Amino acid sequence: MDVVSLLLFGSFWTAVGASNLAVVTCGSVVKLLNTRYNVRLHSHDVRYGSGSGQQSVTGVTSVDDSNSYWRIRGKTSTVCERGTPIRCGQPIRLTHVNTGRNLHSHHFTSPLSGNQEVSAFGEEGEGDYLDDWTVLCNGPYWVRDGEVRFKHSSTEVLLSVTGEQYGRPISGQKEVHGMAQPSQNNYWKAMEGIFMKPSELLKAEAHHAEL
């Protein structure tokens, strides 16, 4: 389902620019901004010319590119119900909306920096266990205004940008890769998107805390 189709389901989704919904939830479709380099996580039907040869993942400065939308889902072989808040330390999948492939990493070398390759893999949202990323953040939940890191659940690299820039056919786009060490290059923030309302689970926990 492309972004235009998703927007037709207005009765199920809450579109936000600035919202009072504090947490990021399963089922949301978001753009993710690397706060160090001010680029959004992006993919497209262009394959790497080296390494795995899988669909490339890059960073773009454009705010309006529809190829920067990712759907937040449960880890491989699980279902995360729509509206369930994402906990810090929870593994998730990020599925590229326009191509249906999942954010993925493996022991291939990235083409520009020589770090670990990050690609998009699978068909119609189904890939394998190498599509799982753990959300690293402070507090109990991934909050909308907070910076987070994504740690590859199998190889333990962090989703990163370090500024290397591609030439043709994707001129100006920056390399996205995995790095072993935490740094300012690893921080991401949820930006534009279609955010699912938090489920009753979060409300129940808040009520319990008040008691």
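Computed from a prediction, not measured in an experiment: that's the story for all the values here.
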Side chains of [X] and [Y]: is there a donor and an acceptor less than 3.5 Å apart?
| X | Y | answer |
| --- | --- | --- |
| Arg71 | Thr95 | no |
| Asn98 | Ser66 | yes |
| Thr134 | Gln90 | no |
| Thr99 | Gln55 | yes |

Counting N and O atoms only, with roles assigned by atom type, does the side chain of [X] sit under 3.5 Å from a partner on the main chain of [Y], one being a donor and the other an acceptor?
| X | Y | result |
| --- | --- | --- |
| His96 | Ala120 | no |
| Thr25 | Met196 | yes |
| Asn102 | Gly125 | yes |
| Arg82 | Gly27 | no |
| Ser43 | Ser56 | yes |
| Ser171 | Pro169 | no |
| Ser110 | Asn115 | yes |
| Ser28 | Val30 | no |

Does Leu33 belong to the same Ile/Leu/Val/Met/Phe/Trp/Tyr cluster as Tyr187, with side-chain heavy atoms less than 4.5 Å apart forming each link?
no
Single-linkage hydrophobic cluster, 4.5 Å side-chain cutoff, Leu94 and Leu136 together:
no
May I ask you to test the [X]-[Y] pair for a side-chain heavy-atom distance under 4.5 Å?
| X | Y | value |
| --- | --- | --- |
| Glu117 | His107 | no |
| Pro111 | Glu164 | no |
| Val24 | Ile72 | yes |
| Leu159 | Leu103 | yes |
| Val161 | Asn185 | no |
| His106 | Ser52 | yes |
| Lys189 | Lys31 | no |
| Ser154 | Tyr129 | yes |

Is it true that atom CG of Asp128 has more than 12 heavy atoms of other residues, nucleotides or ligands lying nearer than 6.0 Å?
yes
For the residue pair [X] and [Y], what are the closest heavy atoms and their distance?
| X | Y | result |
| --- | --- | --- |
| Trp70 | Val57 | CH2-CG2, 4.5 Å |
| Thr162 | Ser113 | OG1-CB, 4.4 Å |
| Tyr48 | Val118 | OH-O, 2.6 Å |
| Ser153 | Pro91 | OG-CB, 4.1 Å |
| Thr109 | Gly114 | CG2-CA, 3.5 Å |

For Arg149, enumerate each residue passing the salt bridge (charged side-chain N to carboxylate O under 4.0 Å, His left out) test, keeping only those at least two apart in sequence or located in another chain.
none
Looking at [atom1] of [X] and [atom2] of [Y], how far apart are the two atoms once the value is rounded to the nearest 0.5 Å?
| X | Y | atom1 | atom2 | result |
| --- | --- | --- | --- | --- |
| Ile92 | Thr76 | CD1 | OG1 | 11.5 Å |
| Ser105 | Glu156 | OG | CD | 12.0 Å |
| Phe195 | Arg144 | CZ | CZ | 4.0 Å |
| Lys151 | Thr155 | NZ | OG1 | 9.5 Å |
| Asn186 | Phe150 | CG | CZ | 11.5 Å |
| Gln165 | Glu175 | CD | CD | 11.5 Å |

Using the six-membered ring of Tyr166, assess whether NZ or CZ of Lys174 lies under 6.0 Å from its centre and within 45 degrees of the ring axis.
no
Partner of Ser119 under side chain to side chain donor-acceptor pair (under 3.5 Å), chosen from Gln54, His104, Arg101:
Gln54
Given Trp188, which of Leu41, Val135, Thr35, Leu158 fulfils the side chain to side chain contact (heavy atoms under 4.5 Å, CB included) condition?
Leu41
Can you tell which of Asp65, Thr61, Val60 makes a side chain to side chain contact (heavy atoms under 4.5 Å, CB included) with Gln173?
Val60
What I want to find out is whether Arg36 reaches Glu147 closely enough, with some N-O distance under 4.0 Å, to be called a salt bridge.
no
Residues in ring pair (Phe, Tyr, Trp, His ring centres under 6.0 Å) contact with His177, at least two apart in sequence or another chain
none
The ring pair (Phe, Tyr, Trp, His ring centres under 6.0 Å) partners of His152 (sequence neighbours excluded) come to Trp133
